[in-house]
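The model shown is predicted, which means the values in this text are computed figures rather than measured ones.
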Amino acid sequence: MKTLVVLPTYNEGENIAGILDQVLAHGLFDVMVVDDNSADGTREKVREYVTQHDNVNIIEREGKLGLGTAYVEGFLWGLERGYDCFMEMDSDFSHNPGDMPAFVESVQAGADLAIGSRYLGGTISVVGWDFKRLLLSRFGNIYASTILATELSDMTSGFRAYSRRALEAIELEKVRSEGYAFQIEMAYYVLCMGFKVVEVPIIFTERTRGSSKMSKSIVREAIPLPWKLRIRSVLGGLPLKKQVQPQ
Ligand SMILES: Nc1nc2c(ncn2[C@@H]2O[C@H](COP(=O)(O)OP(=O)(O)OP(=O)(O)O)[C@@H](O)[C@H]2O)c(=O)[nH]1
Ligand SMILES: [Mg+2]
């Protein structure tokens, strides 16, 4: 399966070289780094990889434009170039690059979206979070899947793989959310099209290098989102090219 890994970066200078080394070591993936004007040398490091490896690419954006649009730009680039599978992964080692093949295997086995879940089967597989952060994530997921009536345990996870047909069926230019909201929104769209969504168990480890870009606005953006999606799904206003099956 021709797979493109989209790596969003904003000041990941201490992590990006290690991530790229581990991703490339699999020998299975092409890479698109979408960098949002990092000021810490991330861009320069990635440029070195671009010169040395035919399968590493970079989109250089001129401001911090948000995670969602970074992924969308990377996906659109890959769709134009015939990729069959599209992966998302954080560039801070919270997601273990060693887990990557399992996602592609799920898509190969027929999934249209494979989500790396920290909360499968009632467990909590997170290392390094304080209680407040854990509660926010756990409660946020229960909140979103209850309103959206899904069985998914980790809709906000950003470690995932999509099939080509799933991304082709979404009007990606219309997906404008930035953080957790982007992940929830995309998972819901794939479900609404009747495509197969599976969860893959992962262990999430809090970053040890670089700084978090989590902000209150990312949480605020996600709160009304499940309600908006539910309403739009009933009114037929989701940006999907395929018939919607409201849940
Ligand atoms: N291109 C781009 N990448 C971003 C932006 N915001 C965050 N990222 C990247 O998206 C990934 C996830 O962001 P993090 O800061 O790790 O957010 P988080 O995982 O919710 O927070 P932590 O758990 O504290 O790490 C990282 O690779 C970031 O560099 C953005 O606005 N643009
Ligand atoms: Mg992170």
Side-chain angles (χ1 to χ4, degrees), residues 1 3-6 67-68 71-72 74-75 78-79 83-90 94-96 99-126 137-172 174-175 177 179-204 222 225-234 236-247:
M1 242 190 186
T3 304
L4 180 69
V5 182
V6 181
L67 192 64
Y71 275 126
V72 166
F75 293 159
L79 285 169
Y83 286 90
D84 308 306
C85 180
F86 297 78
M87 276 205 73
E88 289 184 9
M89 187 171 79
D90 288 358
S94 282
H95 301 148
N96 178 358
D99 294 339
M100 296 174 78
F103 289 81
V104 181
E105 282 159 24
S106 295
V107 173
Q108 225 151 7
D112 290 289
L113 170 57
I115 303 181
S117 172
R118 300 160 282 194
Y119 307 120
L120 264 182
T123 60
I124 296 178
S125 304
V126 174
S137 169
R138 196 71 200 92
F139 175 76
N141 269 297
I142 293 169
Y143 170 82
S145 30
T146 306
I147 296 167
L148 297 173
T150 84
E151 311 251 292
L152 294 175
S153 65
D154 201 351
M155 287 188 99
T156 60
S157 170
F159 199 5
R160 31 172 92 187
Y162 295 91
S163 70
R164 179 181 181 88
R165 72 166 186 169
L167 292 187
E168 272 176 343
I170 300 171
E171 293 175 50
L172 291 168
K174 294 192 180 158
V175 184
S177 44
Y180 294 141
F182 176 74
Q183 311 297 359
I184 297 170
E185 194 172 344
M186 291 290 286
Y188 187 61
Y189 293 160
V190 179
L191 285 171
C192 281
M193 293 183 293
F195 286 155
K196 187 173 170 194
V197 181
V198 299
E199 289 188 304
V200 177
I202 57 156
I203 296 176
F204 179 101
L225 179 83
W227 298 106
K228 286 188 198 162
L229 291 175
R230 253 347 259 265
I231 293 166
R232 280 192 222 140
S233 86
V234 173
L238 298 179
L240 304 176
K241 295 173 193 160
K242 213 178 160 229
Q243 187 160 358
V244 179
Q245 303 165 352
Q247 316 223 337

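- Remark: side-chain polar atoms of Arg118 are not paired, donor with acceptor, to backbone N or O of Ile202 under 3.5 angstrom.
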Q) Should Leu152 and Leu191 be marked as a side-chain contact (heavy atoms from CB on, under 4.5 Å) after you check the CA-CA gap, both sets of side-chain angles, and the distance that decides it? A) CA-CA 10 Å; Leu152 294 175; Leu191 285 171; 3.9 Å; yes

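- The shortest non-hydrogen separation linking Ala114 to Phe103 is O-CD2, 3.6 Å.
- Among all heavy-atom pairs drawn from Leu113 and Ala187, the shortest one is CD2-CA, 3.7 Å.
- The closest donor-acceptor contact from the side chain of Asp84 to the backbone of Met1 lies at 3.5 Å or more, if one exists at all.
- Using a 4.5 Å cut-off on side-chain heavy atoms (C-beta onward), Met155 and Gln183 make no contact.
- Distance NZ/Lys228 to CG/Leu238: 13.0 Å, rounded to 0.5 Å.
- Under the 30°/60° scheme for interplanar angles, the aromatic rings of Phe204 and His95 are found to stand perpendicular.
- Note: Tyr188 OH to Glu185 CD = 11.0 Å, rounded to the nearest 0.5 Å.
- Between Phe195 and Ala166, the shortest heavy-atom distance links the atoms CE1-CA, 3.7 Å.
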Q: Could you give me the CA-CA distance, side-chain angles and deciding distance for Met100 and Thr3, then say whether side-chain contact (heavy atoms from CB on, under 4.5 Å) is met?
A: CA-CA 11 Å; Met100 296 174 78; Thr3 304; over 6 Å; no

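- Defined by atom type and a distance below 3.5 Å, a donor-acceptor pair is missing between the side-chain atoms of Ser137 and Tyr180.
- A donor-acceptor pair under 3.5 Å links the side-chain atoms of Ser157 to the main chain of Gly116, judged by distance alone.
- Looking only at atom types and distance, the side chain of Arg160 has no donor-acceptor partner in the side chain of Ser106 under 3.5 Å away.
- Note that CG of Asp90 and CG of Leu67 are 7.0 Å apart. Values are rounded to the nearest 0.5 Å.
- Taking a 6.0 Å sphere around CD1 of Ile203, one finds it holds 12 or fewer heavy atoms contributed by other residues, nucleotides or ligands.
- Here the CD-CE distance, from Glu88 to Met186, works out to 7.0 Å after rounding to the nearest 0.5 Å.
- The aromatic rings of Tyr83 and Phe86 sit perpendicular, their planes meeting at an angle over 60°, well past the 30° parallel limit.
- Looking at Glu199, its side chain does come within 3.5 Å of a backbone N or O of Ser153 through a donor-acceptor pair.
- Pairing each heavy atom of Arg230 with each of Ile147, the nearest pair is NH1-O, 2.8 Å.
- No donor-acceptor pair closer than 3.5 Å links the side chain of Asp154 to the backbone N or O of Asn141.
- Contact annotation: the side chain of Phe75 never approaches that of Leu4 to less than 4.5 Å [non-hydrogen atoms, C-beta and beyond].
- Here the shortest heavy-atom pairing between Pro226 and Leu148 reads O-CD2, 3.5 Å.
- In this structure, Phe182 and Tyr71 have parallel ring planes: the angle between them is below the 30° cut-off, well short of the 60° mark.
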Q: Could you please spell out the steps behind the side-chain contact (heavy atoms from CB on, under 4.5 Å) verdict for Tyr189 and Val175?
A: CA-CA 10 Å; Tyr189 293 160; Val175 184; 4.0 Å; yes

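- Of the options Val197, Val198, Val200, a side chain to side chain contact (heavy atoms under 4.5 Å, CB included) to Ile115 is made by Val197 and by none of the others.
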**Q.** Verdict with reasoning, Asp112 to Lys196, per side-chain contact (heavy atoms from CB on, under 4.5 Å)
**A.** CA-CA 5 Å; Asp112 290 289; Lys196 187 173 170 194; 4.2 Å; yes

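- The two residues Phe159 and Asp99 have their closest heavy-atom pair at CE2-CB, 3.9 Å.
- Arg232 contributes atom CZ, which lies 11.5 Å from atom SG of Cys192 (distance to the nearest 0.5 angstrom).
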